Amino acid sequence: MSTPEPRDRGDAVYAGATAERVVPAVFFLSAATLANEIVLIRLLSFRFWPHFVPLIVSQAMLGLGGAGVALQIVRRQVVRSPGRIFAWMVLLAVPAFDLAFRASQLIPFDPFLLLWDPGAWPRFGVFFFLLAVPFFLSGCATAIPFAFLGLKPGPVYAATFAGSAAGALVALPFLMLAPTGWLLRLPLALGAVACAFVLSDKGGGWRKGRAAALCAVLLLLVIPPADLRLSPYKDLAAVRNLPGAREIASRSGIWGDYRAVFAPGVHSAPGMSVRFMGEIPPQATLFADGELRGIVPKDGGRTLPAYLGYFPAVLPYRLFDHPRVLQLGLRGTEGVLTAAANFASSVTIVEPARELVRMVREDLSGFSGGWPGSLPVEIREEGARNFLARDRRVFDVIEAADISSATFSSLGVHATGETFLLTREGIRAALARLGEGGLLAFSGWLKAPPRENVKILRTIRAELSAAGLAPVADRIAAIHGWGTFSVVARRTPFHPAEMERVRRFCSDYGYSMVWPDAGAKAVDSAEERALREAVSDAIAGPPGEREAGLFDLSPATDDSPYFHRFLRLRTLPEFRRLLGSQWVPFVEWGIVFLVLSLGVSLVLAAMLLLLPAVFARDGTGKAATASVAGYFTALGLAYMLVELTFLKAGILVLGDTIRAACLAIGGFSFFSGIGSAVSGRWESERTMRWVFAGIAVCVVAGFVTLSTAAGPLLAHGWAVRTAAFVAALAPAAFLMGIPFPAAISRLGAVGGSAIPFAWAVNGFFSVAGASLASIGALWLGFRWTVGIGAVLYIITGLQYRRVGR
Amino acid sequence: MSFLRIVMIAASVLSALHGALATDDPYLQKRAAMVRDQIEREGISDPRVLAAMRDVPRHLFVPPSFRARAYEPYPMPIGEGQTISQPYIVGLMTQILRLKETDRVLEVGTGSGYQAAVAARLAAEVYSVEILESLAARSRRTLSDLGFRNVVVRQGDGYYGWEEKGPFDAIIVTCAGGHVPPPLLRQLRDGGRMIMPVGGPFMTQNLVFIEKDARGSITHRNVLPVAFVRLIGH
């Protein structure tokens with residue numbers, strides 16, 4: 001086989017496609033592509049159900065794999081003029097970042113309707129295709145240099161990694177500074193720089209067509225962005241639709257898009273007792289990425305609204321006079337007002353979303369009347385676990401409200417989201433911050449069959465038992481209203497007089513006492529009986545979890561912090577049989593879309609990877625050998641398993657998802673980029689054996705160190721935690737940058753016809769790896785998932801010597 | 001002359017009937033199947049409710065693009081981000097309310113008007129409040145076209161009920177901010193019944209049933225759809 005020489009070798013030079021121009025162009029295009037991915041997550045989270053977004057974005061990323069397939073099929077045409085095609089792929093990819101999103105907004109598509117309307121699926125297909133276009137073009141541009149221009153793969157791949165790192169790191173401040181609607185300016189701007197490197201040709205003169213394309217990009221940068229069209233089923237859209245609705249405040253930042261809307265038709269009081277017969281004052285509704293986040297009663301700071309005393313969540317205030325209160329999460333002003341109305345002596349709120357804090361405290365102070373004058377209120381802008389580890393004060397009441405909906409989860413929407421506060425370690429940290437007689441309080445929606453309330457009780461029990469605080473049953477009280485529950489727990493037993501206060505509270509407000517008065521046989525309602533049995537079993541039943549149940553109610557841990565994951569895969573058939581056509585409210589949609597995402601990526605990968613064999617007529621189909629496929633499949637899967645699991649563990653250490661994402665993606669890309677840059681020296685089979693072994697060792701050692709040190713690290717400042725996180729991933733990431741360019745180099749040495757195929761395989765299975773990483777974390781935990789990633793690297797290493805033979 | 005008139009009237013009636021039957025025919029079978037498979041089989045046994053649901057042409061309350069699937073066991077979008085409940089939930093809510101021919105009913109959240117139409121088959125008067133003008137106008141038109149004379153639809157904030165028309169023997173709340181609106185409790189007659197679904201759009205998980213006894217005391221209980229009971233029973 002011959003080397004992949006262009007037919008006109010001078011074309012690369014003629015088109016300006018020298019390493020000096022290509023590498024920077026690839027760098028900036030990769031930065032733009034990664035920024036586009038991050039920005040898309042925010043934009044689509046705002047427009048649709050959040051759990052649908054990973055499906056869309058990961059599938060759009062399949063465009064990168066599709067690029068490899070396309071290049072393999074049209075290889076002969078590309079070989080004739082790779083420099084020009086490279087330039088035009090860059091020039092087309094960049095405006096596509098903006099235009100594809102604008103076009104996607106014109107598609108009348110809503111993920112809700114996929115469940116009911118078969119006609120929604122073709123629209124979803126078009127929507128998906130449009131979002132994949134820029135990734136496809138970018139993938140073509142990135143693959144051409146080492147597949148067709150004869151450039152060394154190491155530097156080009158290093159530019160890809162370094163660009164991705166830069167894109168991730170630049171995205172962070174941009175998310176803080178730019179309004180949501182303007183976020184797509186970032187990939188456009190980064191892409192415009194990439195375009196500048198492909199404008200000139202051999203003589204240094206500009207090509208008119210390319211200059212015109214750049215002008216179009218610059219034009220897109222200055223014209224106003226498209227208005228974001230929300231799904232009509234988003235909370236924000238529903239409230240905006242009400243007569244007289246008006247937006248009274250908005251902010252955006254790395255944590256999300258926050259808006260406050262006032263509409264006279266909003267009367268929110270989830271779970272309020274039917275004994276309240278008064279008036280609910282006008283309210284402003286707060287939204288985070290279009291989802292309901294909290295309520296601000298008008299002038300509540302001046303006149304405490306009476307209705308706030310009519311919720312089961314008021315229970316801890318009936319057990320502790322003048323408590324020092326810690327509230328985990330800011331829910332508008334209702335939490336503070338409730339504390340004030342119940343004579344708290346102080347309130348500390350821990351809320352990492354700075355924009356939300358500013359909006360409530362500053363922008364809405366005129367509407368809300370500020371904080372009640374008599375109550376000292378402090379807001380700490382950091383993650384709850386960080387605060388619990390760092391702050392040595394003790395509190396009388398620690399509240400985590402609404403653990404079953406809104407900020408935590410709703411109908412399984414966030415089943416795939418990490419919630420480190422509700423793990424065993426999180427409960428342990430909260431218990432440690434309780435003063436004498438202090439109460440840990442949780443509340444949320446009742447569900448049938450009971451789930452969140454039982455799971456939190458099991459978690460509390462496990463931690464109290466582990467601390468030697470027995471009997472646990474004397475330290476817990478649980479009540480419920482018509483729709484919500486409230487659970488309180490503490491380290492010391494409740495006195496009979498305190499239990500009497502709980503009973504009186506229930507009697508006064510029409511609530512039911514579930515524990516310690518659980519008498520399963522005394523009630524005739526199936527739901528009540530089921531609830532009491534479940535609570536009784538969770539608090540005083542045999543230790544361990546009943547494996548026979550339909551739902552998984554075992555306590556979550558920091559190694560698999562998915563409090564809202566209840567689904568047992570093996571019970572799905574029985575589930576379906578029992579529910580018939582009423583299965584929709586029970587399905588954890590986050591998990592469904594995750595599994596769907598994996599399925600779609602595998603099916604598309606299988607279909608598209610077969611295309612070269614069908615259409616390529618120059619024998620390149622033969623290049624798609626099993627060894628190449630096996631090597632790059634394992635590599636794609638392994639890289640994502642490792643990177644994403646580090647990212648998930650980073651959420652705990654760094655305190656928030658966005659920083660963890662930017663640092664993990666940025667860190668892995670940066671160090672892998674260095675690895676790629678030096679990969680040329682390490683390509684020998686002997687050296688690579690050590691590289692793969694080194695990866696496995698560094699991955700496992702880095703992750704074990706990180707997860708073991710996470711607890712102590714939480715008490716340190718952000719700089720220390722960041723340094724520790726980066727240090728844990730750096731050695732593995734550096735070595736993980738080597739195998740791809742090393743194998744590409746081997747393929748290049750034997751003609752390079754399989755390079756586009758390798759690119760495609762790696763792209764497809766990186767997407768599948770992302771889904772698998774989440775699935776592994778959900779059911780196996782982080783350590784096992786990382787372990788599997790390490791094993792995959794060993795398997796990849798065993799195939800290295802076969803690549804290019 | 002009079003014979004001719006009778007013939008013409010008979011012809012026009014037959015023609016209209018034929019037209020109606022011709023239009024309704026495919027849906028008639030679907031409706032019967034819906035009541036048999038989704039309503040009756042799932043435990044709704046009140047013959048009046050079953051008859052009402054056999055009577056009301058559900059397909060005319062959904063957007064034209066969804067008509068073919070109007071009798072399937074799912075909620076459906078009706079525009080403006082609102083939905084029409086799945087047939088079973090409509091049947092269950094109606095049965096729980098135990099509507100009588102003399103009852104005056106308040107519905108909060110008219111939506112498509114389908115629930116109001118089913119209730120109107122069983123009660124004397126139905127007053128329905130819809131906050132979105134477009135939906136109020138559309139449901140008013142649909143109900144009028146179908147000849148429902150005992151349903152009145154008004155655009156307004158249903159949270160405050162319809163005080164001038166109260167008190168009501170029964171209240172159906174289809175859209176509440178997670179609580180039972182106190183103004184509605186005040187407008188509920190002593191001995192009255194109220195029902196409210198719990199859950200997001202498309203996602204009714206359970207129903208809250210409220211009764212006001214003869215002395216004005218309020219009691220409440222959760223009512224689970226049959227499948228959910230099976231799940232708990234498991």
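Quantities reported herein were computed from a predicted structural model and do not represent experimental measurements. Chain letters run A, B, ... following the sequence lines, proteins first and then strands; every chain starts at 1.
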J.: Under 4.5 Å heavy-atom distance to chain A, tell me which part of B/Glu72 shows up: side chain, backbone, both or neither.
T.: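 Looking at B/Glu72, nothing touches chain A.
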J.: Going by the angle between their ring planes, with limits at 30° and 60°, are A/His267 and B/Tyr159 parallel, tilted or perpendicular?
T.: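 A/His267 vs B/Tyr159 ring planes: parallel.
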J.: Between B/Asn222, B/Ile218, B/Leu185, which has the largest tally of heavy atom pairs under 4.5 Å with chain A?
T.: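 Going by pairs under 4.5 Å, I would pick B/Asn222.
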J.: Using a 4.5 Å heavy-atom cutoff, which residues in residues 273-283 of chain A come close to chain B?
T.: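 A/Val274, A/Phe276, A/Met277, A/Gly278, A/Glu279, A/Ile280 fall under the 4.5 Å cut-off.
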J.: Sort out for me which of A/Pro232, A/Pro264, A/Gly119 touches chain B most, counting heavy-atom pairs under 4.5 Å.
T.: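 Ranked by contacts with chain B, first place is A/Pro232.
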J.: Using non-hydrogen atoms and a 4.5 Å limit, figure out which bit of B/Arg186 sits close to chain A: side chain, backbone, both or neither.
T.: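 For B/Arg186, backbone and side chain are both near chain A.
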J.: Is it the backbone or the side chain of B/Leu132 that comes under 4.5 Å from a heavy atom of chain A, or both, or neither?
T.: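 Side chain of B/Leu132 only, per the 4.5 Å heavy-atom cut-off to chain A.
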J.: So which of A/Ala237, A/Ser231, A/Pro243, A/Gly483 has the biggest tally of heavy-atom pairs under 4.5 Å with chain B?
T.: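 Heavy-atom pair counts peak at A/Pro243.
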J.: Evaluate the side chain to side chain contact (heavy atoms under 4.5 Å, CB included) criterion for residues A/Phe311 and B/His179: first the C-alpha distance (whole Å), next the side-chain angles of each, then the deciding distance (0.1 Å), finally the verdict.
T.: CA-CA 10 Å; A/Phe311 295 93; B/His179 69 283; over 6 Å; no
